[in-house]
Amino acid sequence: MKIPYNPLLLISGILLGMNYEHLGLVGLSIELISKASPEGILAIFLPILIYESAFKTEWHVFKKLAGQSLIMGILSSITSATLIMFFVKLVIDP
């Protein structure tokens with residue numbers, strides 16, 4: 001499936017970015033969005049993307065991969081918690 005490309009979206013974004021100081025309240029919101037941190041944008045959009053991906057998952061694929069996903073998730077959680085605990089103890093305890 002080919003993703004449609006719309007050059008008008010790119011051109012309008014460039015024009016709005018170049019002239020944001022003349023746009024009043026819209027310009028202020030454009031300035032705030034342009035100064036947002038990547039972590040903040042990720043925190044806003046990641047839950048939405050995860051939900052959308054989970055919602056479109058087909059049941060038979062989910063059922064087939066659920067056991068492997070649980071094993072990987074549990075093992076990686078235990079491993080990361082153990083490593084964090086070890087390094088915190090190493091740094092805090094003299």
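Quick note: numbers below take in every heavy atom, side chains included, and nothing from hydrogens, waters or symmetry partners. Count residues from 1 along the sequence.
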Does S53 use its side chain to pair, donor to acceptor, with the backbone of I50 at less than 3.5 Å? no

Hydrophobic cluster partners of L75 (side-chain heavy atoms under 4.5 Å): I71

May I have all residue pairs that pass side-chain hydrogen bond (donor to acceptor under 3.5 Å, both in side chains) and include part of residues 61-76, sequence neighbours excluded? none

Name all residues meeting the side chain to side chain contact (heavy atoms under 4.5 Å, CB included) criterion together with I78; count only those two or more places apart in sequence or in a different chain, and write none if there are none. I74, T82

Once side chain to side chain donor-acceptor pair (under 3.5 Å) is applied, do any residues pair with E52, and if so which ones, sequence neighbours excluded? K56

Qualifying salt bridge (charged side-chain N to carboxylate O under 4.0 Å, His left out) pairs, either residue in residues 65-76, two or more places apart: none

With sequence neighbours excluded, tell me which residues meet side chain to side chain contact (heavy atoms under 4.5 Å, CB included) with L42. L46

Sorted by chain and residue number, the side chain to side chain contact (heavy atoms under 4.5 Å, CB included) partners of L83 (sequence neighbours excluded) come out as T79, F87

What's in the same ILVMFWY side-chain cluster as I11, cut-off under 4.5 Å, chained through other members? L15

Rounded at 0.5 Å granularity, tell me how far CE in M72 sits from CG in L70. 11.5 Å

Please write out which residues are connected to Y51 in a hydrophobic cluster, directly or through intermediates, given that two of Ile, Leu, Val, Met, Phe, Trp, Tyr count as joined at side-chain heavy-atom separations below 4.5 angstrom. F55

With a 4.5 Å cut-off on side-chain heavy-atom distances among I, L, V, M, F, W and Y, is there a chain of contacts connecting M18 to L10? yes

K35: which residues meet the side chain to side chain donor-acceptor pair (under 3.5 Å) condition with it, sequence neighbours left out? E31

Taking side chain to side chain contact (heavy atoms under 4.5 Å, CB included) as the test, write out the residues that go with E39, two or more places apart. S37

Under 4.5 Å side-chain heavy-atom separation, chaining through any Ile, Leu, Val, Met, Phe, Trp or Tyr, what else clusters with M85? Say none if it is isolated. none

